[in-house]
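Reading through the structure tokens given below for one structure.
All values derive from a computational prediction rather than experimental measurement.
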Amino acid sequence: MPSEFELIARHFTRGTTHTTLGVGDDGALITPAPGQELVISTDMLVEGTHFLPDTDAEDLGWKTLAVNISDVAAMGARPRWATLAAVLPAPTSDWIEAFARGFFACADEFGIDLIGGDTTRGPRAFCVTILGEVAAGHALRRSGAGVGDDIWVSGQPGRAALGLAHLQGRTVLAEPRRAGCVAALQRPQPRVALGLALQGLATAAIDVSDGLLADLGHILTASRVAASVQVAVPSAPTLERDAWLSGGDDYELVFAAPPSCRSAIDTLAGRLQLALTRIGTVEAGSVGAIDLRDAEGNPLVIRRRGYDHFPSTDT
């Protein structure tokens, strides 16, 4: 078994492309481009909570970085630097090598330098802090949605939750759907290009990590508004309905934009070859409230909006 320092040197030390001083010192040195603000976010993945114990190491390496990139994408920023803290049981070189391969494949895909981190022994968990750049004053926030704005979502929400349900034996998906849903869970694709393109179009944005309704609720609360949402899902509770509305782990983007931007957003969907679906409208009303209806306009009642690590026990 490699020592801590051998592990870092062998698997997590590599050249950088836009960093003054990277891994190997007490701290990193970075220089943001002129006129840019830094976007900084931290996310943690814990075995048994965020990933299954038998998750492929290379897939887990990709996902560990990808879910953090998604936060930067949701703010319309370009990811640039990351640190990685890893808690590992007695690590095997093969497992670490595969994890690092997936992590750096994601880093290379999105132009990110790994600039530091830490390792320690314990139950498996990973924590990434990511830094991105955005032109000063142009970051997308949760708090900008206005009454009358359209509500949009990218991609196909619910696929990751269905992939997890399949792996846990709660449903059986046939091919090729099984492969697509499991890939959505294990190898999420951060919507960086979409986030960058939404500057000047979207008034507010967030990524779908805890569930479509839960994350939309964060926009509504921050913007002090309500919403009506109409979606083509079954009225009766089903696994597929709940996955679409509250499954989470998709890392798609939910965003608000004025109706005047509809044509530009449709054009953007074609350019990115990414589905962008208008699902509702921002309204005045009780802050955070969502009037949820099916495709026929019938009210939908859903037990929970999304995942919460510390759900309320109040009655």
Heavy-atom check, side chain of [X] versus side chain of [Y], under 4.5 Å:
| X | Y | result |
| --- | --- | --- |
| I69 | E109 | no |
| V231 | W244 | yes |
| V128 | L65 | yes |
| M75 | D71 | no |
| V72 | V192 | no |
| V282 | S223 | no |
| L84 | F99 | yes |
| L245 | V229 | no |

Answer yes or no: does atom [atom1] of [X] have more than 12 heavy-atom neighbours from other residues, nucleotides or ligands under 6.0 Å?
| X | atom1 | result |
| --- | --- | --- |
| R293 | CZ | yes |
| R78 | CZ | no |
| R224 | CZ | no |

May I ask whether [X] and [Y] are part of the same hydrophobic cluster, defined by side-chain heavy atoms of I, L, V, M, F, W, Y residues being less than 4.5 angstrom apart, directly or through others?
| X | Y | result |
| --- | --- | --- |
| I40 | I115 | yes |
| I265 | L212 | no |
| I206 | L140 | no |
| I279 | V233 | yes |
| F255 | L274 | yes |

Determine all donor-acceptor pairs shorter than 3.5 Å in which one atom belongs to a side chain in residues 171-183; sequence neighbours excluded.
residue : atom : partner : partner atom : Å
E175    : OE1  : A179    : N            : 3.2
E175    : OE2  : R178    : NE           : 2.4
E175    : OE2  : R178    : NH2          : 2.9
R177    : NH1  : E240    : OE2          : 2.6
R177    : NH2  : E240    : OE1          : 3.0
R177    : NH2  : E240    : OE2          : 3.4

With a 3.5 Å distance limit and no angle check, can you tell me whether [X] reaches the backbone of [Y] through a side-chain donor-acceptor pair?
| X | Y | result |
| --- | --- | --- |
| W62 | R101 | no |
| S154 | L253 | yes |
| D56 | E58 | yes |
| Q199 | G76 | yes |
| H166 | L162 | no |
| Q36 | V134 | yes |
| T55 | L52 | yes |
| D215 | D210 | yes |

Go through it in stages, so that I can follow the logic: the residues are T281 and S228, the test is side-chain contact (heavy atoms from CB on, under 4.5 Å), and I'd like the CA-CA distance, side-chain angles, deciding distance and then a yes or no.
CA-CA 5 Å; T281 305; S228 63; 3.9 Å; yes
Verify side-chain contact (heavy atoms from CB on, under 4.5 Å) between R170 and L164, making sure each step is shown before the conclusion.
CA-CA 9 Å; R170 293 184 285 117; L164 177 61; 4.1 Å; yes
Inter-residue atom distance [X].[atom1] - [Y].[atom2], 0.5 Å rounding:
| X | Y | atom1 | atom2 | result |
| --- | --- | --- | --- | --- |
| T64 | L45 | OG1 | CG | 5.0 Å |
| F104 | I112 | CZ | CD1 | 11.0 Å |
| Q186 | F51 | CD | CZ | 10.5 Å |
| R141 | T203 | CZ | OG1 | 13.0 Å |
| R191 | L198 | CZ | CG | 12.0 Å |
| I130 | L38 | CD1 | CG | 12.0 Å |

Answer yes if the ring centres of F126 and F103 are under 6.0 angstrom apart, and no otherwise.
no
So, for [X] and [Y], which heavy atoms are closest and what is the spacing to 0.1 Å?
| X | Y | result |
| --- | --- | --- |
| G144 | D149 | O-OD2, 4.4 Å |
| V287 | L220 | CG1-O, 4.0 Å |
| A145 | A204 | N-CB, 3.6 Å |
| A160 | D249 | CB-O, 3.3 Å |
| A227 | I151 | CB-CD1, 3.6 Å |
| C261 | A257 | CB-CB, 4.4 Å |

Could you walk me through whether D59 and L185 satisfy the side-chain contact (heavy atoms from CB on, under 4.5 Å) test, starting with their C-alpha distance in whole Å, then the side-chain angles of each, then the deciding distance to 0.1 Å, before giving a yes or no?
CA-CA 10 Å; D59 286 345; L185 173 71; over 6 Å; no
Sorted by chain and residue number, the side chain to side chain donor-acceptor pair (under 3.5 Å) partners of R159 (sequence neighbours excluded) come out as none
May I ask you to decide whether D294 forms a salt bridge with R241, counting only side-chain N to carboxylate O separations under 4.0 Å?
no
